[in-house]
Each structure stands twice: as C-alpha cells, then as structure tokens.
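Here's the structure, in structure tokens; my notes come after.
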Amino acid sequence: MSSNNQDFFKRVHQVATLIPVGRVTSYGAIAQYLGTKSSARVVGWAMNAAHGDLSIPAHRVVNRVGLLSGKHHFEGTNLMQQLLENEGVVVKENKIQNFKEIYWDPCKEL
DNA sequence: GATATGACTAGAC
DNA sequence: GGTCTAGCCATAT
C-alpha cells in the first residue's frame, strides 16, 4: 500500500502546518503523535520532502534539545534562525533559548 | 533486492 | 556527567 507512506508524509506536513506561530516542536513529538514514535528520523525525511512546500514551516521543527539541526538544509546559513526570530522565537547560536517554554507538543495540544 | 544514509532519540558505558 | 552505540523506518543508490 504505497498510500500509507504518502499518508505518513501528509500527516507530518499537516502537523507541521498546525504548529502555532512562535512555537516549535521536535521530530520525536510529531513521530509520537503519528504513532511512529521511534521514527523521528522519518519525520526528518518528511520535513525534507516538505522543504519544497513553502506552506510548511519546517523551521518550527527542531530536534529534542531545541537545536536547529536542520538549518543546514535551508538556504544560506541562518535562514532558519531568521524565520524563527521573525516569529518571536529567541534563538542563539542555532539553538532555541526558551525552547521548553515555547515547546508545542501535538500529542497534548491536539 | 540489499546496503548505506539521514533534519532523531533513548539507553548504555 | 559527557560520549558512544544501537534502534528506528523510509529514501536513495
């Protein structure tokens, strides 16, 4: 069933789109919300696929420590940080400062 | 079809 | 308490 695979991506994209402005989440959180909690990496791939879609705020998704691990996949060197700061997220040295405060858990919020 | 890789995470040492 | 290893699942070669 190839539909399932695409459905997984679709869900990841959906959740990413639901992330409120000024909030961030982690790959594992999305993976857990989708049921595949062990597949945080796959969420990263989904984000990679979502990278082509400007409607998906991939910059709001970081790793579990609030580090902009995916910033290398964005254009330039600090585009991801710029986007986050533009939304009011405090980022320093490619790491979200008040990560715990702005952390958005889809499993709880949704 | 098998192997390698990756935007991760949790556990072990 | 910091570093390393293994597990996870989908994509790419």
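None of the values given here were measured: they were computed from a predicted structure. So that the names make sense, note that chain A is the first sequence line, chain B the second, and so on, each numbered from 1.
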Gap between atoms [atom1] and [atom2], on [X] and [N] respectively (whole Å):
X       : N      : atom1 : atom2 : answer
A:Leu34 : B:dT9  : CG    : P     : 14 Å
A:Arg60 : B:dA7  : CZ    : P     : 22 Å
A:Leu67 : B:dT9  : CG    : P     : 10 Å
A:Gln32 : B:dT9  : CD    : P     : 11 Å
A:Asn63 : B:dA10 : CG    : P     : 11 Å
A:Ile19 : B:dA7  : CD1   : C1'   : 13 Å
A:Trp45 : B:dA7  : CH2   : C1'   : 9 Å
A:His73 : B:dG6  : NE2   : P     : 9 Å

Quiz prompt | salt bridge (charged side-chain N to carboxylate O under 4.0 Å, His left out) between A:Glu87 and A:Arg60, intermediate numbers included | solution = CA-CA 10 Å; A:Glu87 296 182 352; A:Arg60 290 185 195 148; 2.8 Å; yes
Practice problem: Describe the nucleic acid contact of A:Ala58 in one word from base, sugar-phosphate, nothing, applying a heavy-atom distance below 4.0 Å. | Solution: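 Base, at least one base heavy atom under 4.0 Å.
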Quiz item: Heavy atoms under 4.0 Å, any strand shown: does A:His51 hit a base, just sugar-phosphate, or nothing?
Solution: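 Touches a base.
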Exercise. Only one of A:Leu68, A:Val65, A:Leu67, A:Val90 passes side-chain contact (heavy atoms from CB on, under 4.5 Å) with A:Ile96; say which it is.
Key: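 So, applying the side-chain contact (heavy atoms from CB on, under 4.5 Å) to A:Ile96 and each of A:Leu68, A:Val65, A:Leu67, A:Val90, only A:Leu68 qualifies.
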Quiz item: Rounding to the closest angstrom, what is the interatomic distance between C:dG1 and B:dT9 at atom P?
Solution: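 C:dG1 and B:dT9 have their P atoms separated by 22 Å.
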Quiz prompt | Candidate pair A:Ile19 and A:Val24, rule side chain to side chain contact (heavy atoms under 4.5 Å, CB included), full reasoning | solution = CA-CA 7 Å; A:Ile19 301 174; A:Val24 291; 5.8 Å; no
Quiz item: Picking from C:dT11, C:dC9, B:dA7, which would you name as closest to the side chain of A:Phe9?
Solution: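 The answer is C:dT11, which lies nearest to the side chain.
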Quiz item: To the side chain of A:Ser26, which of B:dA7, B:dT9, C:dC8 is closest?
Solution: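 The answer is B:dT9, which lies nearest to the side chain.
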Quiz item: Does some side-chain heavy atom of A:Gln81 sit less than 4.5 Å from a side-chain heavy atom of A:Asn94?
Solution: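 Result yes, sub-4.5 Å side-chain heavy-atom pair found.
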